[in-house]
K.L.:
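Let me begin by handing over the structure; questions about it come next.
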Amino acid sequence: MDEIITWIRSKNPELDGEISGDTDLIESRLIASISFLEFISLLEDLSGKSIDVGSLSVDDFRTIDRINENFLVPVA
């Protein structure tokens, strides 16, 4: 999670507040569409898996908790 928060902060240097697991990253515009593919690349690096962008929903990225659940927690 730290890598994701660090990336978000690097794209939003004016951000002073905390980014929690349930912060709505889409509504608060912390992940901009212009850098979305870069963010996908970060998630692929962190998870070690390729992400099919054709099957994604904006809700998959709404919060850090959801990102963790959808892309970083190993499937049992």
Side-chain angles (χ1 to χ4, degrees):
M1 290 306 143
D2 290 338
E3 294 94 342
I4 293 172
I5 292 173
T6 298
W7 184 88
I8 291 170
R9 288 196 179 281
S10 75
K11 299 299 178 188
N12 300 279
E14 73 287 351
L15 180 66
D16 289 330
E18 181 181 338
I19 302 172
S20 66
D22 63 349
T23 299
D24 192 321
L25 304 173
I26 305 303
E27 187 174 308
S28 60
R29 299 178 188 253
L30 293 175
I31 299 178
S33 58
I34 196 162
S35 56
F36 187 71
L37 289 179
E38 182 182 340
F39 186 66
I40 294 294
S41 179
L42 171 68
L43 291 178
E44 288 178 332
D45 290 346
L46 292 173
S47 69
K49 299 176 194 167
S50 180
I51 296 174
D52 177 14
V53 294
S55 67
L56 298 176
S57 163
V58 71
D59 286 330
D60 294 336
F61 302 92
R62 189 144 313 266
T63 66
I64 289 179
D65 288 344
R66 193 164 296 165
I67 291 166
N68 185 47
E69 180 182 307
N70 289 326
F71 303 104
L72 302 177
V73 174
V75 178

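Residue numbers count from 1 along this sequence. Fair warning: this is a prediction, and the values are worked out from it, not measured in the lab.
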K.L.:
Do Ile64 and Leu25 touch side chain to side chain, with heavy atoms closer than 4.5 Å?
P.N.:
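Yes, their side chains come closer than 4.5 Å.
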K.L.:
When rounded to the nearest 0.5 angstrom, what distance separates CD in Glu3 from CD1 in Ile8?
P.N.:
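Those atoms lie 12.0 Å apart.
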K.L.:
Mind checking the CG-CZ spacing from Leu15 to Arg9? Nearest 0.5 Å is all I need.
P.N.:
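Between atom CG of Leu15 and atom CZ of Arg9 there are 4.5 Å.
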K.L.:
Give me the atom names and distance for the closest heavy-atom approach of Glu27 to Arg62.
P.N.:
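That closest heavy-atom pairing would be N-NH1, 4.2 Å.
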K.L.:
Within this structure, what is the CG-CG distance for the pair Leu72 and Asp65, rounded to the nearest 0.5 Å?
P.N.:
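Here the rounded value is 11.5 Å.
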K.L.:
How long is the straight-line distance from OG1 of Thr63 back to CD1 of Ile19, given to the nearest 0.5 Å?
P.N.:
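Between Ile19 CD1 and Thr63 OG1, I get 12.0 Å after rounding to 0.5 Å.
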K.L.:
Starting at CG of Leu43, measure out to NZ of Lys49 and round the result to the nearest 0.5 Å.
P.N.:
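The CG atom of Leu43 sits 11.5 Å away from the NZ atom of Lys49.
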K.L.:
Classify the ring geometry of Phe39 against Trp7: parallel below 30°, tilted from 30° to 60°, perpendicular beyond 60°.
P.N.:
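Aromatic pair Phe39/Trp7 classed tilted.
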K.L.:
Check each of Ile51, Asp59, Asp60 against Asn70 using the side-chain contact (heavy atoms from CB on, under 4.5 Å) test, and report the only one that passes.
P.N.:
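Testing each of Ile51, Asp59, Asp60 against Asn70, the sole residue satisfying side-chain contact (heavy atoms from CB on, under 4.5 Å) is Asp60.
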K.L.:
Establish whether Val53 and Ile26 are linked, either directly or via other cluster members, by ILVMFWY side-chain heavy-atom contacts under 4.5 Å.
P.N.:
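Both belong to a single hydrophobic cluster.
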K.L.:
With rounding to the nearest 0.5 Å, note down the distance linking CD1 in Ile5 to CD in Glu18.
P.N.:
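Rounded to the nearest 0.5 Å, the CD1-CD separation comes to 8.0 Å.
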K.L.:
Is Leu56 close to Phe61 at the side-chain level, that is, under 4.5 Å between some pair of heavy atoms?
P.N.:
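The answer is yes; the side chains approach within 4.5 Å.
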